[in-house]
There are 2 protein chains.
Amino acid sequence: MDTIVIFLESKKVRPTAMRLLVYKYMAQSNVARTLGDIENAFAKADRTTLYRTLKTFEEKGIVHQVDDGTGTIKYALCEAGCNCDIGRDLHLHFHCNNCRETTCLTEHKIPQINLPDGYIAEDMNLVIKGICEHCSG
Amino acid sequence: MDTIVIFLESKKVRPTAMRLLVYKYMAQSNVARTLGDIENAFAKADRTTLYRTLKTFEEKGIVHQVDDGTGTIKYALCEAGCNCDIGRDLHLHFHCNNCRETTCLTEHKIPQINLPDGYIAEDMNLVIKGICEHCSG
DNA sequence: AAAAAAATGCACTTCTGTTGCATGGCAACT
DNA sequence: AGTTGCCATGCAACAGAAGTGCATTTTTTT
């Protein structure tokens with residue numbers, strides 16, 4: 001528990017009770033979560049608080065947004081492999097068509113793409129949909 | 001005009017006035033459009049009609065959805081290079097951070113990605129964000 | 001012309017994301 | 001300890017897009 005407090009402080013985020021809970025929830029999830037997921041997990045917490053908690057976490061490089069094409073934004077903890085701090089999160093995401101969960105494949109980077117003349121790439125997002133290891137087994 | 005009628009009929013879509021207008025609008029746009037865009041273009045038309053027109057077009061393989069990460073679904077005409085009919089739309093999309101328009105790069109296919117064991121790919125979506133040829137010139 | 005089928009339009013709902021404002025709690029300072 | 005001020009929290013309300021149900025109009029078919 002203390003380690004989380006220390007971690008949050010190192011990111012310049014005040015370790016309030018709510019934030020600790022949200023962080024722990026994210027840490028024990030190994031998939032990306034929507035605001036709604038978190039809302040359901042903590043029935044008593046206010047949506048706005050959770051919303052702003054995620055915003056804060058995002059600004060401070062604790063979580064990153066995941067757009068998996070489902071139409072609702074998801075969030076996942078930044079990890080060693082994820083260079084969100086640099087602003088370039090180039091690992092890819094996998095969305096399972098069966099269990100509907102989205103996982104970060106932090107090891108797998110997006111390959112080099114060569115664009116037509118005049119196009120300048122600044123950021124990219126690659127989502128692969130299919131069956132995850134859990135559901136295919 | 002007649003060519004559009006014939007085309008729509010070949011796709012088993014009845015060529016109503018509204019649908020011809022929407023098709024022509026999509027054809028003259030060289031970028032992906034949201035429902036809202038179309039709504040604005042035809043002030044007198046009802047949103048639901050346009051909504052269902054796009055749904056119909058999508059089902060019949062006339063347009064395909066584009067998810068460019070802006071949070072609102074866009075639509076673009078299917079073209080020669082686009083294999084939407086097979087259910088696999090593997091070309092990539094470019095979203096300009098300057099003019100906010102999204103274009104299909106039908107020529108550019110998503111490269112082969114090898115996934116971890118147990119993951120089975122069925123579909124994928126790659127969006128590149130940056131500056132488009134118009135804005136970089 | 002009548003019946004059937006399909007398209008359109010209206011109203012309304014839901015879901016997500018977002019902001020403004022009031023309140024409450026913690027922290028620093030006197 | 002008391003006061004001040006910042007930051008977090010909670011409530012309410014709004015905005016935008018997606019989607020549904022039903023009545024009405026248009027088109028096709030018989």
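Residue numbering restarts at 1 for every chain, and letters A, B, ... go by the order of the sequence lines.
- Distance CD (B:E39) to C1' (D:dG19): 14 Å, rounded to an integer number of Å.
- Scored by the side-chain contact (heavy atoms from CB on, under 4.5 Å) test, B:N97 finds A:E122, B:H95, B:K129 as partners (sequence neighbours excluded).
- Contacts of A:D37 classified as side-chain hydrogen bond (donor to acceptor under 3.5 Å, both in side chains), with partners at least two apart in sequence or in another chain: A:T34.
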Sugar-phosphate or base contact per nucleotide [nucleotides 23-30 of chain D; S, B, -; heavy atom under 4.0 Å]:
-----S--

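- If you chain together ILVMFWY residues whose side-chain heavy atoms come under 4.5 Å of each other, A:V66 ends up in a group of its own.
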Quick one, give me the B/S/- string for nucleotides 11-19 of chain C, reading 5' to 3', where B means a protein heavy atom under 4.0 Å from the base and S means that only happens at the primed atoms, P, OP1 or OP2.
BB---SBBB

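- Residue B:T49 places at least one side-chain N or O under 4.0 Å from the OP1 or OP2 atom of C:dG9.
- A heavy-atom distance below 4.0 Å to DNA chain D is reached by none of the residues of residues 25-33 of chain B.
- What separates CG of B:D37 from P of D:dG16 is a distance of 14 Å, to the nearest Å.
- Partners of B:S136 by side-chain hydrogen bond (donor to acceptor under 3.5 Å, both in side chains), not counting sequence neighbours: none found.
- Nearest heavy atoms, A:V13 versus A:F57: CG1-CE1, 4.0 Å.
- Sorted by first and then second residue, the pairs that involve residues 105-137 of chain B and meet ring-ring contact (aromatic ring centres under 6.0 Å, His included), not counting sequence neighbours, are A:F94-B:Y119.
- Among all heavy-atom pairs drawn from B:T103 and B:N30, the shortest one is CG2-O, 3.5 Å.
- Whole-Å rounding puts the B:K12 NZ to C:dA6 P distance at 14 Å.
- One can place CG of A:L20 at 15 Å from C1' of D:dT9, the figure rounded to the nearest angstrom.
- With side-chain heavy atoms closer than 4.5 Å counting as contact, directly or through intermediates, the hydrophobic cluster containing A:I120 also holds B:I131.
- Rounded to an integer number of Å, the gap from NZ of A:K44 to P of D:dC11 is 14 Å.
- One atom, CZ of B:F42, and another, C1' of C:dA7, lie 17 Å apart when rounded to the nearest Å.
- Partners of B:E59 according to the side-chain contact (heavy atoms from CB on, under 4.5 Å) rule, which considers only residues two or more places apart in sequence or in another chain, do not exist here.
- Partners of B:R14 according to the side-chain contact (heavy atoms from CB on, under 4.5 Å) rule, which considers only residues two or more places apart in sequence or in another chain, are B:R19.
- Here the P atom of nucleotide D:dG10 and the CZ atom of A:R19 are 12 Å apart, to the nearest Å.
- Here A:V31 sits alone; no ILVMFWY side chain lies under 4.5 Å from its own, so it joins no hydrophobic cluster.
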